[in-house]
Amino acid sequence: MATELTTIYEREARRVIFLIDSKSFYASVEAVDRGLNPLKALLVVMSHQENDTGGLVLAASPMAKRYLGISNVTRQKDVPDRPGLIKAQPRMNRYIQENVTIQQIYQQYVDDDHLWPYSIDESILDMTDFWPLFGDSPVAVAQQIQKRVLAETGIYLSVGIGDSPVLAKLALDLEAKKASHLLAEWHYEDVPEKLWPVTDFGKVWSIGPRLAKRFADWGIQSVGDLARANPYELKARLGLRGEQAYALAWGIDRSDLTEQLTPKHKTFSNSQVLPHNYQDAQALTAVIQEMGDQVAARLRANHQQASHVSLYLGYANQGIQFNTRHERKTGLHEGQKVPASNHSQPLMRALVSLFQQYWQGQPVRYIGVSYSGLQSDQIQELSLFEEERAVDDSQQQLDQTIDQLRQRFGAAAIVRSFSLDEGATAITRANLVGGHNGGNAYE
């Protein structure tokens, strides 16, 4: 086996990748702000939604998970009224602020090109060329980072160290998060002993329950079985995903975190899940216009204009699944070309036109809008009608004034009249961050 592993890995780069997780991040911030030990506090961060399903637990402290069985998807109605359990409202601005503090500590160990914030609570650091500057071993440097973040923020870090990004992620998820010192180091040679025996694919990053079921149907019961499978058959059955799964089973990941990727077809979009089922045309029109206005402002901020608009409606209890262009059973997805513009009014009119043309009265729970077919706003289509050009210039001045006021005083500082209609959501959403309360003071 040792000879086989040497042959497989001899051409693979051996990097020193840290994948760092801020343990139970939201819950830890709330605990620290209350003067509590985040590992010992009984606390959950719970959203609140004025709808028929209620909110969800966004984060639970380790003690809440262990003794109350609360997970990050537990519904509000299922959270027990246990004496001593703190139910904190989310404060997204506070979490962002604390994340910035932690990122600034990471930046003292790597340059910006080798630091990748994977999410608000996880970051990837390529320490290959940097760790010798700070300690005798990668483990010693990781422990140094853990101690610094704990001292400055009160947040505990779990660290996975690996020869590749995926190996670091697996070390983090499968060992470090449960280790007493919250740290694990995996090398390629550790794969047969530490990774291959895993049979619960639900614990393996990027392999969800549907793929795990397909593996089981093919007789693949463990990661070791996956590593011994025929890679060509996996590719034939699953395409690129089959290749990626096979590489994961060997801990191989050739991703270059410093590579700058430019999407071939960029779009600007926005979506939201409505607080309840909407079936009133006026209320739906108001929300569609609000979203169209918001995305148009992003176009202007990026000096782009769009020549294609799309509207998405997800019908109640159906999600957003489309089998054909004019699917009516599960949702609606329609688009149309428009004269290139980044002005709110014509783009909103196009979206409303799509809505009026194709919506047939179904209850709606999800709305999305997107603008594509982008080009620079320095390019202007010529018109033979000077009056039309004057109207266009007037609209541009109005949009720019609204943008400036919102940037200075907040998104709700100035709203269009339809945002005062019953069912409109822009004013409420202006105070949210990531769909949740953005307040800084805890209650």
Side-chain angles (χ1 to χ4, degrees), residues 260-272 281 284-315 320-328 330-360 364 366-407 411 414-419 424-426 429:
Q260 299 294 320
L261 299 178
T262 303
K264 292 182 178 180
H265 303 288
K266 187 173 182 180
T267 64
F268 286 82
S269 62
N270 194 4
S271 64
Q272 65 173 292
L284 285 165
T285 299
V287 177
I288 290 169
Q289 290 182 105
E290 288 177 330
M291 297 173 69
D293 187 26
Q294 292 165 0
V295 182
R298 290 170 53 200
L299 282 177
R300 294 189 292 272
N302 286 272
H303 305 290
Q304 296 290 308
Q305 51 188 352
S307 60
H308 192 275
V309 304
S310 295
L311 174 67
Y312 309 80
L313 299 181
Y315 298 147
I320 182 165
Q321 304 170 9
F322 308 106
N323 299 321
T324 65
R325 175 173 170 76
H326 297 285
E327 179 65 55
R328 288 291 176 268
T330 57
L332 178 150
H333 177 194
E334 297 293 343
Q336 70 178 41
K337 290 185 176 180
V338 295
S341 176
N342 58 16
H343 301 326
S344 290
Q345 289 292 348
L347 295 175
M348 289 189 298
R349 282 197 299 269
L351 290 168
V352 172
S353 175
L354 288 172
F355 170 70
Q356 293 173 340
Q357 184 176 356
Y358 293 107
W359 182 63
Q360 297 179 354
V364 176
Y366 171 96
I367 299 179
V369 304
S370 69
Y371 298 151
S372 57
L374 304 182
Q375 65 184 42
S376 169
D377 63 4
Q378 300 302 309
I379 301 174
Q380 296 291 336
E381 295 182 2
L382 296 178
S383 172
L384 298 177
F385 304 98
E386 289 301 321
E387 181 180 354
E388 178 180 327
R389 181 65 204 174
V391 171
D392 193 59
D393 289 341
S394 176
Q395 179 64 52
Q396 181 178 9
Q397 293 174 4
L398 176 60
D399 286 337
Q400 289 177 346
T401 300
I402 293 174
D403 292 345
Q404 290 168 1
L405 289 171
R406 288 174 173 170
Q407 289 168 8
I414 181 169
V415 296
R416 298 182 188 271
S417 59
F418 49 72
S419 289
T425 64
R429 283 166 58 86

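Index from 1, following the sequence.
- For F355, the ring pair (Phe, Tyr, Trp, His ring centres under 6.0 Å) partners are W359, not counting sequence neighbours.
- Nearest approach of N270 to Q294, heavy atoms of both residues: ND2-OE1, 2.9 Å.
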Assess the residue pair Y371 and N342 against the criterion (side-chain contact (heavy atoms from CB on, under 4.5 Å)); give the C-alpha distance rounded to whole Å, side-chain angles, the decisive distance to 0.1 Å, and a yes or no. CA-CA 9 Å; Y371 298 151; N342 58 16; over 6 Å; no
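- Q375 contributes atom CD, which lies 15.0 Å from atom NE2 of H303 (distance to the nearest 0.5 angstrom).
- Put simply, the side chain of L354 reaches to within 4.5 Å of the side chain of Q336, judged on heavy atoms.
- In terms of heavy atoms, V338 sits closest to A306 at CG2-O, 4.0 Å.
- The two residues F268 and V295 make their nearest non-hydrogen contact at O-CG1, 3.5 Å.
- For the pair Q289 and V287, the minimum side-chain heavy-atom distance is 4.5 Å or more.
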Take V364 and L284 through the test side-chain contact (heavy atoms from CB on, under 4.5 Å) and record every step on the way to the result. CA-CA 8 Å; V364 176; L284 285 165; 3.8 Å; yes
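- The CG atom of L299 sits 10.0 Å away from atom OG1 of T267, with the distance rounded to the nearest 0.5 Å.
- For S310, the side-chain contact (heavy atoms from CB on, under 4.5 Å) partners at least two apart in sequence or on another chain are H308, Y312, H333, S370.
- Without hydrogens or angle criteria, R300 side chain to Q305 main chain gives no donor-acceptor distance under 3.5 Å.
- For the atom pair H343 NE2 and M348 CE, the distance stands at 12.0 Å (nearest 0.5 Å).
- The distance from the CG atom of L311 to the CD atom of Q356 is 11.0 Å, given to the nearest 0.5 Å.
- Across all non-hydrogen atoms, the minimal contact from L347 to S341 is CD1-O, 3.8 Å.
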For R349 and L351, what are the C-alpha separation, side-chain angles and deciding distance, and is it a side-chain contact (heavy atoms from CB on, under 4.5 Å)? CA-CA 5 Å; R349 282 197 299 269; L351 290 168; over 6 Å; no
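- Of the inter-residue distances, the one linking L374 atom CG with N302 atom CG reads 9.0 Å to the nearest 0.5 angstrom.
- To the nearest 0.5 Å, atom NZ of residue K266 and atom CD of residue Q304 are 7.0 Å apart.
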